[in-house]
Undergrad: 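Below you will find the structure I want to go over with you.
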Amino acid sequence: MQVYIAILRGINVSGHKLIKMEALKKSLEKLLFTSIRTYIQSGNIVFSSKEKDIKKIEQNISKIILDDFNFEVPCKVVTKEKLIKVLNHNPFNKDNSKDPSFMHLTFLSDIPSNLDLSIFQERRLEGEEIVFYEDVVYLYCPKSYGNTKLSNSFIEQKLKLTATTRNLKTCHALVGLAELD
């Protein structure tokens, strides 16, 4: 069994696409996932599965949510090992002047092709930094993620990919949950 982490885009945000985590867990059990655990109410799920095809898992989760809750929700799935690798690769880890509470990871549906970094560099607010690595974007937003112009919507529009963002604390908590198996 492989341990996976699913990160859902846009549920339980501002009263939209509401899903209770207990109901979500019951839906995911239909996919034969085991050891299902959720973290906070914003669509962070750790589970085990025999399935090895991550794209298939993502599609199955999105489909079960559509079937059971009647709305579309993009889903990004990574292995526990992949999330650990992404956290270890964080380019801001070695800079002690950076407050970890302003670090965020944006997970992309795929590795971007035709990446024009200048579009993102020009959009940064003072003090912000953005670094691309495989299918992840590292963001440092010292004026808070709520104020950045490097939002999910902007990233999705420019890259033509789905994106969902989590703060560094949430990503570490997900690894902690995943290591319980």
Side-chain angles (χ1 to χ4, degrees), residues 4-19 21 24 37-47 54-55 57-58 61-62 65 71-93 95 98-113 115-178:
Y4 294 102
I5 298 148
I7 306 165
L8 306 181
R9 165 100 158 85
I11 69 162
N12 298 337
V13 178
S14 304
H16 299 285
K17 296 185 178 179
L18 299 175
I19 302 177
M21 293 300 102
L24 179 60
R37 296 178 297 282
T38 61
Y39 177 73
I40 62 178
Q41 295 295 312
S42 60
N44 305 291
I45 310 142
V46 175
F47 61 94
I54 288 180
K55 291 296 180 191
I57 294 170
E58 290 171 344
I61 292 172
S62 291
I65 291 171
F71 46 79
E72 292 185 16
V73 173
C75 175
K76 175 68 177 182
V77 173
V78 296
T79 63
K80 171 181 74 172
E81 294 77 16
K82 164 81 179 207
L83 186 53
I84 291 169
K85 175 183 170 188
V86 165
L87 288 170
N88 287 337
H89 190 268
N90 183 345
F92 309 128
N93 282 343
D95 188 342
K98 294 201 177 351
D99 182 343
S101 65
F102 296 118
M103 295 179 193
H104 296 79
L105 284 76
T106 299
F107 297 90
L108 305 173
S109 57
D110 210 342
I111 296 173
S113 59
L115 179 61
D116 182 355
L117 291 174
S118 67
I119 293 169
F120 299 93
Q121 297 298 340
E122 293 167 2
R123 184 92 172 174
R124 293 177 305 140
L125 298 176
E126 183 181 336
E128 288 186 341
E129 293 185 44
I130 183 169
V131 177
F132 289 81
Y133 172 69
E134 296 178 351
D135 57 350
V136 176
V137 181
Y138 298 93
L139 293 170
Y140 183 71
C141 306
K143 295 182 178 166
S144 94
Y145 183 76
N147 292 325
T148 188
K149 294 181 180 181
L150 298 169
S151 66
N152 275 330
S153 298
F154 178 75
I155 291 171
E156 288 176 331
Q157 176 191 17
K158 295 303 176 188
L159 296 179
K160 308 291 188 245
L161 296 170
T162 303
T164 188
T165 300
R166 297 297 186 270
N167 65 40
L168 191 63
K169 178 182 175 186
T170 295
C171 293
H172 281 289
L174 290 171
V175 167
L177 276 179

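Numbering of residues begins at 1 and proceeds along the displayed sequence.
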Undergrad: What's the verdict on side chain to side chain contact (heavy atoms under 4.5 Å, CB included) for Leu139 and Leu105, showing C-alpha distance, side-chain angles and the deciding distance?
TA: CA-CA 6 Å; Leu139 293 170; Leu105 284 76; over 6 Å; no
Undergrad: How close do Ile40 and Asn44 get, heavy atom to heavy atom, and via which atoms?
TA: CG1-ND2, 3.6 Å
Undergrad: Of all the heavy-atom pairs spanning Leu8 and Ile45, show the shortest one and how long it is.
TA: CD1-CD1, 3.8 Å
Undergrad: Under a 3.5 Å distance rule, please check whether Arg166 uses its side chain to pair with a backbone N or O of Thr106 as donor and acceptor.
TA: no
Undergrad: From Ile5 CD1 over to Thr79 OG1, what is the distance, rounded to the nearest 0.5 angstrom?
TA: 7.5 Å
Undergrad: Is any side-chain heavy atom of Thr162 less than 4.5 Å from a side-chain heavy atom of Asp110?
TA: no
Undergrad: Ignoring hydrogens and angles, tell me if any N or O in the side chain of Lys143 forms a donor-acceptor pair with the backbone of Thr148 under 3.5 Å.
TA: no
Undergrad: Would you say the side-chain atoms of Glu156 pair up with the backbone N or O of Ala163, donor to acceptor, closer than 3.5 Å?
TA: yes
Undergrad: Within this structure, what is the CE-CG distance for the pair Met103 and Leu87, rounded to the nearest 0.5 Å?
TA: 11.0 Å
Undergrad: Can you measure from CG (Leu83) to NE2 (His172) and round to the nearest 0.5 angstrom?
TA: 8.5 Å
Undergrad: Taking it one step at a time, do Tyr4 and Val78 satisfy side chain to side chain contact (heavy atoms under 4.5 Å, CB included)?
TA: CA-CA 6 Å; Tyr4 294 102; Val78 296; over 6 Å; no
Undergrad: Under 6.0 Å between ring centres, would you say that holds for Phe92 and Phe102?
TA: no
Undergrad: Using modelled atom types and a 3.5 Å cut-off, is there a donor and acceptor pairing between side-chain atoms of Asn147 and backbone atoms of Pro142?
TA: no
Undergrad: For Phe154, does the six-membered ring have the charged nitrogen or CZ of Arg123 within the cation-pi criterion, i.e. under 6.0 angstrom from the centroid and within 45° of the normal?
TA: yes
Undergrad: Does the distance from a Lys or Arg side-chain N to an Asp or Glu carboxylate O, for Glu72 and Arg9, drop under 4.0 Å?
TA: no
Undergrad: Please name the pair of heavy atoms, one in Val77 and one in Ile61, separated by the smallest distance, quoted to 0.1 Å.
TA: CG2-CD1, 4.0 Å
Undergrad: State, to 0.1 Å, how close Pro112 and Leu161 come at their nearest heavy-atom pair, and which atoms those are.
TA: CA-CD1, 3.8 Å
Undergrad: Under a 3.5 Å threshold, yes or no: a donor from one side chain and an acceptor from the other, between Tyr39 and Thr170?
TA: no
Undergrad: Can you check whether Leu125's main-chain N or O pairs, donor with acceptor, with Glu128's side chain at less than 3.5 Å?
TA: yes
Undergrad: Which is it for Lys85 and Glu134 under the side chain to side chain contact (heavy atoms under 4.5 Å, CB included) test, yes or no, and what are the steps along the way?
TA: CA-CA 11 Å; Lys85 175 183 170 188; Glu134 296 178 351; 3.2 Å; yes
Undergrad: What's the spacing between Asp95 CG and Glu129 CD if we round to 0.5 Å?
TA: 7.0 Å
Undergrad: Check Tyr145 against Asn152 and note the closest heavy-atom contact, atom names and distance.
TA: OH-N, 3.4 Å
Undergrad: Would you say the rings of Phe132 and Phe120 are close, in the sense that their centroids are separated by under 6.0 Å?
TA: yes
Undergrad: With rounding to the nearest 0.5 Å, note down the distance linking CZ in Phe107 to CD1 in Ile7.
TA: 4.0 Å
Undergrad: Is the positively charged end of Lys98 above the ring of Tyr140, judged by distance under 6.0 angstrom from the centroid and angle within 45° of the axis?
TA: yes
Undergrad: Is it true that Asp135 and Lys82 make a salt bridge, defined as a side-chain N closer than 4.0 Å to a carboxylate O?
TA: yes
Undergrad: If I compare all heavy atoms of Met21 with all of Thr38, which pair ends up nearest, and what's the gap?
TA: CB-OG1, 3.5 Å
Undergrad: Between NZ of Lys169 and NE2 of His104, what distance do you get to the nearest 0.5 Å?
TA: 12.0 Å
Undergrad: Within the structure provided, determine whether Val136 and Leu108 are in side-chain contact (heavy-atom separation under 4.5 Å).
TA: no
